[in-house]
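To keep things clear, I will list the structure first and then write my remarks on it.
All values below come from the heavy atoms of this structure, side chains included, with hydrogens, waters and symmetry mates left out.
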Amino acid sequence: MADSTRQEIDEGTGISELPRIGRLVRDGKGRVGRYMGKGGPYAMLRPVGGGKEWEADLDHVEPLTDAEALSAEVKETNARSDRRQA
């Protein structure tokens, strides 16, 4: 992982790099969310537009590329706009 991550050694999981808080990531099931931190062996993720957090296996969480993150943000902004117009 590149400069979009911060170094943190977690002896419990063996994970050496975690995403920055707030970074958009993809979990092992393909869901996109904002990294909010970790709880035990899990990454705590929140939907892009806000909402209830869910847990994802830290071993299967990967940061989105800048292009993917921009696309996810635009998709959520458009969905929010559509909800307001309905």
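- Here the straight-line distance linking atom CG of L58 with atom CE of M44 works out to 10.5 Å at 0.5 Å rounding.
- Listed by chain and number, the residues in a side chain to side chain donor-acceptor pair (under 3.5 Å) with E53 are R46 (sequence neighbours excluded).
- Every salt bridge (charged side-chain N to carboxylate O under 4.0 Å, His left out) that R34 has, sequence neighbours left out, goes to E73.
- When the side-chain contact (heavy atoms from CB on, under 4.5 Å) test is applied to S71, no partner is found at least two apart in sequence or on another chain.
- Considering only residues two or more places apart in sequence or on other chains, R80 meets the side-chain contact (heavy atoms from CB on, under 4.5 Å) condition with E76, T77, R83, R84.
- Nearest heavy atoms, A72 versus V48: O-CG1, 4.2 Å.
- When hydrophobic clusters are built by joining Ile, Leu, Val, Met, Phe, Trp and Tyr residues whose side-chain heavy atoms come closer than 4.5 Å, directly or via intermediates, W54 is grouped together with Y35.
- R23 places a side-chain N or O within donor-acceptor distance of the main-chain N or O of L64, the cut-off being under 3.5 Å.
- Taking CG from D57 and OH from Y42, the interatomic distance works out to 7.0 Å, rounded to the nearest 0.5 Å.
- Cluster membership for V25 and L70, using ILVMFWY side-chain heavy atoms within less than 4.5 angstrom, is not shared.
- Closest of all the heavy-atom pairs between A56 and L45 is CB-CD1, 3.7 Å.
- Side chains of T65 and E68 form a contact here, defined as non-hydrogen atoms less than 4.5 Å apart.
- By the side-chain contact (heavy atoms from CB on, under 4.5 Å) test, K29 is found to be paired with D27, R31, residues two or more places apart in sequence or in another chain being considered.
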